[in-house]
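Notes follow once the structure below has been shown.
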Amino acid sequence: MIYVILINWNGWRDTAECLESLRLCAEPDFRVIVCDNGSTDDSLARLEQWARGALGPFDAGPPWRRLQGPRRAPKLARRAASDRAGDEWISLVALGDNLGFAGGNNAGIAMALRDPACDFICLLNNDTVVDPAALTALRRKMRRDPTLAVCGPTLLFYDRPDRVQSLGGFWKASLARGGHIGLGLPSDALPPVAEVERRLRYVAGAALFMRRGFVERFGRIYDGYFLYFEELEIAAQLRADERLGWCPEAVVYHKEGASIGACEAGRRGLRSTYYLAVNLLRYHLRHAPQRLPVALARLAWERHKLARLGDRPARDIIGRAVADFFTRTYRRADLAALLGPADRRPAE
């Protein structure tokens, strides 16, 4: 059994579209847990309306021209976080507060692990659309190679489904920076699997497929980041005999940052800028304290670059992130006071 976990925060339209794509999945043996991070937009009721067929359609975006097949009935029931998932296809769990990426997913993981039939757990962003063959392809690859603990799909841009967003993540410790492998490549010109997996240092959190035994060993995703760096944290839990994988034939379309104000081109949202900066330092303190000076130098360089570009708000938010790190201040959903009006939506 595969358990797919979605986190929703005031994004029921994206979540409904993602669930609509999962209705097409050819994989017969999977269930979905939707954990709602304290939404204030009536998301729970809206998703129940979607399941009854009272809302929609949600299949008009660019990827939908590529998706086809019979759709399963969207059976949905509300569950408490302490419950075991029921026989319904979708369990809807109200968490009551914004617990961030790790906190929300940890609630779903705990529910999934209560089912002894659970073999794999897939953390899936709610702003994704899933190809019908993706889950089956991911499970097939994991079963063929017992050394794989975590595997990722081919992420394509939702608005440009012929272009790669990510095949996984690289990380250069000497520069304290990482990024997407394959960014911008044509979807019909993918590199060899061995080449990608040689560079792979983390699986992108938009669609992260994990073996049950691996998840059970670390128990909970470390929740000290709130947003970003969880992928590297998960990768840090690998044993020497475990590795990361990429499954090219598993395709997921991602709207990239729809829930947090990030963007692929142009100015990054201040919320994203803050968490990327402060969590870069927190990650290094936790896993590579000897490289903290490298991380600080990188942030100083980014502040200098932003100042030259005239982006004072972004420059200042990095400065605030560094100051918060040294004063042991960590802001979660209470970041709004530091942001401009366009960035004041709480993160998912």
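- Within the 3.5 Å criterion, the main-chain N or O of D127 finds no donor-acceptor partner in the side chain of N125.
- D36 and N8 are linked by a side-chain donor-acceptor pair at a separation below 3.5 angstrom, with hydrogens and angles left out of the test.
- Taking the six-membered ring wherever Trp is involved, the centroid distance between the rings of Y253 and Y158 does not fall below 6.0 Å.
- Scored by the salt bridge (charged side-chain N to carboxylate O under 4.0 Å, His left out) test, D59 finds R71 as partners (sequence neighbours excluded).
- R198 and E195 are not joined by a salt bridge, as no carboxylate oxygen comes within less than 4.0 angstrom of a charged side-chain nitrogen.
- Checked by atom type and distance alone, the side chain of R23 pairs as donor or acceptor with a backbone atom of R72 at under 3.5 Å.
- Across F157 and L183, no two heavy atoms sit closer than the pair CZ-CD1, 3.7 Å.
- In terms of heavy atoms, R298 sits closest to L175 at CD-O, 3.8 Å.
- Using modelled atom types, no side-chain atom of N279 and backbone atom of R282 make a donor-acceptor pair closer than 3.5 Å.
- Heavy atoms only, all atoms of each residue included: R143 and D119 are closest at NH2-OD2, 4.2 Å.
- One finds no salt bridge joining E216 and R114 here, because no Lys/Arg side-chain nitrogen approaches an Asp/Glu carboxylate oxygen to under 4.0 Å.
- By the 6.0 Å and 45° rule, R201 does not stack over the aromatic ring of F170.
- A distance-only check finds a donor-acceptor pair linking the side chain of N98 to the backbone of G100 [under 3.5 Å].
- D131 and R66 are not joined by a salt bridge, as no carboxylate oxygen comes within less than 4.0 angstrom of a charged side-chain nitrogen.
- Between Y275 and F226, the ring center distance clears the sub-6.0 Å criterion.
- For D41, the side-chain contact (heavy atoms from CB on, under 4.5 Å) test picks out N10, W12, S39, S43, with sequence neighbours left out.
- Taking a cutoff of 4.0 Å between a charged side-chain nitrogen and a carboxylate oxygen, R286 and E233 qualify as a salt bridge.
- For Y228 and Y225, the distance between ring centers is not under 6.0 angstrom.
- A295 and A176 make their closest contact through CA-CB, 3.9 Å (heavy atoms, listed as atom of the first residue, atom of the second, distance).
- Residue pairs that meet the side-chain hydrogen bond (donor to acceptor under 3.5 Å, both in side chains) test with at least one member in residues 175-194, sequence neighbours left out, are S166-H180.
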